[in-house]
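Just so we're on the same page: letters track the sequence lines, and every chain starts at 1.
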There are 2 protein chains.
Amino acid sequence: MSPGHSELPADMPAPDAGGCLATREILDRIGDKWSLYIVAVLANGSRRFNELKRGIDGISQRMLTLTLRGLERDGLVTRTMYPTIPPRVDYELTDMGRTLLKPVMALVNWANENQVAIAEAHKRFDEAPEPDQVLVQGVVYQRR
Amino acid sequence: MSPGHSELPADMPAPDAGGCLATREILDRIGDKWSLYIVAVLANGSRRFNELKRGIDGISQRMLTLTLRGLERDGLVTRTMYPTIPPRVDYELTDMGRTLLKPVMALVNWANENQVAIAEAHKRFDEAPEPDQVLVQGVVYQRR
DNA sequence: CCGAATCCTTGTGGATACTG
DNA sequence: CAGTATCCACAAGGATTCGG
């Protein structure tokens, strides 16, 4: 059908290979519960701590702090602190943080485009405990 | 439907919005520990269970089974069972599964391109516990 | 060969209370 | 306002054993 050419998927040979570790790290970050929401909000410009908190429904103070620290550590977000009273801290995407937006949005768009297909696949899978049948050299076998 | 221009980060307003749920699902899948390795191996063509197990370093039988079930349920992978003796089961990417490769590879490439920058950011962050100083309207404040 | 079932350890994240 | 600190619940995942 389709193997032949297309893009080489020869990346990620094993969990301990070269660029694989970096991939795992960024995947863990974008795969975690809050990072992408934060990045999405910050994509619109710099925000204060409580602006983020209000803008991201359901996030706790703790997780907002932790996730922001992680993003800052990765160099995706800058933290600017103003020791005024009351204190004020601004968070902003770095240039690198902004470049992450493109590949991430490609994935988000994929998810949107395929969400019906996925939902249908779920339905099919969940409603088919029985019809697990199989075809071997032209002969149909039924599972027992 | 989907936003025409991909640069707009106006997606993902809140964890409970429309296409957001689908996004979260697929993100959880690609963010989990093994799915992408499996997809990467299957990108080269159909594989048997133990071929996958041998090809993915460190995966347990349990997690291979569970992750394959998840991918199958999402409609990303097909499972073909041959009730021979010994039994044989082949796994293969679906067409939808193959379309996922492109956006995922974009992300993998981003990770590879930025891995040094991220490592440097880590170094900077981890080695700077003290110099926490701040600039307010042209004036530098030192933390105490 | 392919997997289900069980046990157990660990990490992630929520709730709450407290500080400067 | 912008965090820490603590406690706790739950789910992910590893190891092992059993079964068709």
Taking the minimum atom-to-atom distance to the side chain of [X], which one of [options] wins?
X       : options               : answer
B:Arg48 : D:dT4, C:dC2, D:dG14  : C:dC2
A:Phe49 : D:dC1, C:dC1, D:dA2   : D:dA2
B:Pro87 : C:dG3, D:dG13, C:dC2  : C:dC2
B:Met63 : C:dG13, D:dA2, D:dG13 : D:dG13
B:Lys33 : C:dA4, D:dG13, C:dC2  : D:dG13

Whole Å only: how far is the [atom1] atom of [X] from the [atom2] atom of [N]?
X       : N      : atom1 : atom2 : value
B:Gln61 : D:dT17 : CD    : C1'   : 11 Å
B:Leu66 : D:dG14 : CG    : P     : 10 Å
A:Arg47 : D:dC1  : CZ    : C1'   : 17 Å
B:Leu68 : C:dA4  : CG    : C1'   : 15 Å
B:Arg88 : D:dG20 : CZ    : P     : 24 Å
A:Ile85 : D:dG3  : CD1   : P     : 15 Å
B:Trp34 : D:dG13 : CH2   : C1'   : 9 Å
A:Leu64 : C:dA15 : CG    : P     : 14 Å

Is the backbone N or O of B:Trp34 less than 3.5 Å from a side-chain atom of B:Thr67, with the two atoms forming a donor-acceptor pair by type?
->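 It does not hold such a pair.
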B:Arg79 side chain N/O closer than 4.0 Å to the phosphate oxygens (OP1, OP2) of C:dG3?
->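 Indeed, a polar side-chain atom of B:Arg79 lies that close.
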Using only side-chain N and O atoms of B:Tyr91, determine if any of them is under 4.0 Å from OP1 or OP2 of C:dG3.
->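 So the side-chain polar atoms of B:Tyr91 do come within 4.0 Å of the phosphate oxygens OP1 or OP2 of C:dG3, strictly under.
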Atom CG in B:Asp74, atom CZ in B:Arg69: separation rounded to 0.5 Å?
->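 Output value for this atom pair is 13.5 Å.
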CG of B:Asp32 to CD1 of B:Ile38: how many Å apart, nearest 0.5 Å?
->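 These two atoms lie 8.0 Å from each other.
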Hey, mind stepping through B:Glu127 and B:Lys123 against salt bridge (Lys or Arg N to Asp or Glu O under 4.0 Å) and telling me if it holds?
-> CA-CA 6 Å; B:Glu127 287 177 354; B:Lys123 200 161 193 274; 3.8 Å; yes
Atom pairs and distances, side-chain donor-acceptor, residues 59-66 of chain A, under 3.5 Å, sequence neighbours left out:
residue : atom : partner : partner atom : Å
A:Ser60 : OG   : A:Met63 : N            : 3.2
A:Thr65 : OG1  : A:Gln61 : O            : 3.0

Could you check whether A:Lys53 gets within reach of a base, just the sugar-phosphate, or nothing at all, counting any heavy atom under 4.0 Å?
->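 No contact at all - A:Lys53 keeps every heavy atom at 4.0 Å or more from the nucleic acid.
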Between the protein and nucleotides 5-11 of chain C, which nitrogen or oxygen pairs are less than 3.5 angstrom apart?
none

With side chains defined as the heavy atoms from C-beta onward, is the minimum distance between A:Leu93 and A:Leu71 less than 4.5 Å?
->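 Contact flag for A:Leu93/A:Leu71 side chains = no.
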5′-ward residue of the pair B:Asp32/A:Thr65 relative to DNA chain D =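 Looking at the nearest nucleotide for each, A:Thr65 comes out on the 5' side.
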For residues 47-54 of chain B, which side-chain donor-acceptor pairs fall under 3.5 Å, sequence neighbours excluded?
residue : atom : partner : partner atom : Å
B:Glu51 : OE1  : B:Arg48 : N            : 2.7

